[in-house]
Amino acid sequence: MLTTAEIKTLRKLLLAWFRQFQRDLPWRRTKDPYAVWISEIMLQQTRVAAVIPYYERFLSRFPNGRALAEAPQEEVLRLWSGLGYYSRARNLQKAAQQILAQHGGQFPQAKDDVMALAGIGPYTGAAILSIAFGAKHAALDGNVARVLARLGAVRGDLRESLRWQLLQRSAVELLDPKSPGDWNQAMMELGAMVCTPRTPQCLLCPVAKFCRARQSGEPEAFPEKRKKRDAVQIVLAAAVFSTPRGQTLLMPPPGNKKVNKPAADDIDTLVSRLWHFPTISVRNDVSAELRDYLLDSLPAGNGKLHLEPLPRIRHAVTYRNITVLPFRIPAAKIPRIPGARSIPLRDFSALPVSNLTRKIARAALLQSTEPAAKLALKP
DNA sequence: AATCCGGGGAC
DNA sequence: GTCCCAGGATT
């Protein structure tokens, strides 16, 4: 436990450090609640470097809540394509529509109203309210939890309910009531830049003298590592149709089916419910199973299918290790399948796709015998 | 309380 | 290869 005087000193030291050394990030140049909101959603479980280009593009395409609320969902997903956790984008637009309908397009300032928005939980609500409105809410995320666990030498799994509540109380106690937004960002910045998971830079830490983990001699021993579930191996086969003009075929986002518990190799889930190559989960004879699947889905009389194996692709999502075996299928024209689209293999920017689909397209391009394709790839 | 959802940079 | 990231929704 820290004394009141120690807490005041700690606040002063950390805030001074933050104000001197903070990174210049795009969302720190504004207090517009809409912009702060977009940044906080994008930053969920996603690193700063990955977010920056998406943030810039998204705000330039959707400058305000109304533009976001009134856009086609596919356009929102298209701007999110590649960032992952696509329910964030779907919830983001839903919340924009809530704000338009219930708050006249103005981002709400009451905590209950903010927490009622789709995709906004305890962390994000506190972050937006403190940063955009200066409200006194402590934001507890993974970075802050680690910093607090080290400051107090907290043992055990931080995500455990009671322990998270303990950390939440610590966060509230330390919160600087004079500048809650800067304080929350300072705690996160410290966690991201100094008090890092593996090798904390205690020599650079402005509050090291208050840190019990440092006093213990092994700060990196906090917090306790959490155990992960065993990985499942999955093998998929994907069809990459290819016309002389460089067009290929993508299947539309799968509709929402009422499956309680999808299998680990459920294709709809693995393609993130976005546009995707014709894909199946395979067991034994890969090309034969893919051929059978295609002959079933294609209109009759499409002739013979020539399947050329492409280099295999590795992709990891949560607990799944996916191997994709792509096949290039030369075709004079793209077969007509209801809902499917013909698009250039070289440019998927018109449709929302996951990075798994991008990887398959890239493998097909690299393998292409067309010289121009290789030249166009490398900048 | 557990599980799931993407993806990749840092180590 | 492993870890985990400015978490939230769902069950």
Side-chain angles (χ1 to χ4, degrees), chain A residues 22-23 25-28 36-55 77 80-92 94-95 114-128 130-131 138-147 157-165 171 181 183-193 195-200 220 223-232 259-264 266 268-274 313-322 352-359:
Chain A
Q22 65 169 297
R23 291 168 289 178
L25 303 175
W27 45 89
R28 287 185 176 159
V36 172
W37 171 39
I38 303 299
S39 74
E40 289 301 339
I41 299 296
M42 287 187 170
L43 286 162
Q44 289 171 3
Q45 299 296 107
T46 310
R47 296 178 187 279
V48 164
V51 165
I52 291 176
Y54 282 88
Y55 173 84
L77 287 168
W80 207 272
S81 179
L83 195 55
Y85 283 135
Y86 298 96
S87 65
R88 291 185 295 177
R90 300 183 178 103
N91 282 333
L92 196 58
K94 182 176 177 185
V114 173
M115 296 296 294
L117 297 172
I120 295 189
Y123 162 75
T124 307
I128 297 172
S130 64
I131 296 171
L140 181 60
D141 74 336
N143 277 321
V144 177
R146 182 177 58 256
V147 170
D157 182 354
L158 301 189
R159 290 285 167 180
E160 199 174 308
S161 177
L162 275 176
R163 199 160 284 112
W164 195 260
Q165 291 175 42
W183 175 259
N184 283 330
Q185 294 189 79
M187 289 287 284
M188 293 188 277
E189 189 80 347
L190 188 71
M193 303 302 292
C195 196
T196 51
R198 299 192 191 188
T199 313
E220 67 284 352
E224 175 185 299
K225 277 185 291 192
R226 57 174 177 176
K227 51 272 181 184
K228 56 176 168 63
R229 69 171 285 185
D230 295 338
V232 174
V259 180
N260 276 344
K261 205 169 161 50
D266 178 59
D268 293 358
T269 303
L270 292 176
V271 300
S272 302
R273 315 198 81 81
L274 300 174
I313 292 159
R314 303 283 195 180
H315 193 69
V317 292
T318 62
Y319 66 93
R320 299 178 177 92
N321 287 332
I322 305 168
V353 298
S354 74
N355 277 1
L356 174 57
T357 298
R358 286 190 206 284
K359 283 184 184 177

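Proteins get letters first, then strands, A, B, ... in listed order; numbering begins at 1 in each. The figures here come from the full heavy-atom set of this structure, side chains too, leaving out hydrogens, waters and symmetry mates. Please read these numbers as outputs of a predicted model, since none were measured by experiment.
- If you measure from atom CZ of Arg229(A) to atom P of dT2(C), you get 15 Å, rounded to the nearest angstrom.
- For the pair Asn91(A) CG and dC5(B) P, the computed distance is 15 Å after rounding to whole Å.
- Between Asp230(A) atom CG and dA2(B) atom P there is a gap of 16 Å when expressed in whole angstrom units.
- For dA6(C) and dA2(B), the P atoms lie 24 Å apart once the distance is rounded to whole Å.
- Between Met42(A) atom CE and dG8(C) atom C1' the separation is 17 Å, expressed in whole Å.
- In this view, Thr199(A) satisfies the side-chain hydrogen bond (donor to acceptor under 3.5 Å, both in side chains) rule with no residue, not counting sequence neighbours.
- At whole-Å resolution of the value, CG in Leu158(A) and C1' in dC5(C) are 14 Å apart.
- Contact check for Arg320(A) versus Thr269(A): side-chain heavy atoms found under the 4.5 Å cut-off.
- If you find the closest nucleotide of DNA chain C to Met115(A) and to Ile131(A), the one lying nearer the 5' end belongs to Ile131(A).
- When heavy atoms are screened at a 4.0 angstrom cut-off, Trp27(A) is found touching base atoms of the nucleic acid.
- Under the rule for a side-chain hydrogen bond (donor to acceptor under 3.5 Å, both in side chains), the partners of Arg358(A) that lie at least two apart in sequence or sit in another chain are Ser81(A), Asn355(A).
- For the OP1/OP2 pair of dA2(B) and a distance below 4.0 Å, the side-chain nitrogens and oxygens of Arg159(A) include no atom meeting the criterion.
- Within 4.0 Å of Ile41(A), counting heavy atoms only, lies no atom of the nucleic acid at all.
- Whole-Å rounding puts the Leu162(A) CG to dA2(B) P distance at 12 Å.
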Open item on the list: Return a single string for nucleotides 6-11 of chain B, one symbol per nucleotide in 5' to 3' order, where B is base contact, S is sugar-phosphate-only contact and - is none, cutoff 4.0 angstrom on heavy atoms.
Closed with: BBBB-B
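- Atom OH in Tyr86(A) sits 15.0 Å away from atom CG in Asn91(A) (nearest 0.5 Å).
- Panel note: side chain Arg146(A), backbone Pro223(A); no donor-acceptor pair is recorded below 3.5 Å.
- dG8(B) and dG8(C) are spaced 23 Å apart, taking the P atom of each and rounding to whole Å.
- With rounding to the nearest 0.5 Å, the separation of OG in Ser39(A) from CD1 in Ile128(A) is 7.5 Å.
- dT3(B) atom C1' lies 9 Å from atom OH of Tyr319(A), rounded to whole Å.
- Distance, Leu43(A) CG to dG8(C) P: 12 Å, rounded to whole Å.
- Under 4.0 Å is where a charged nitrogen must lie from a carboxylate oxygen, and between Arg28(A) and Glu189(A) at least one such pair does.
- If you check every strand for non-hydrogen atoms under 4.0 Å, Arg320(A) touches sugar and phosphate atoms only.
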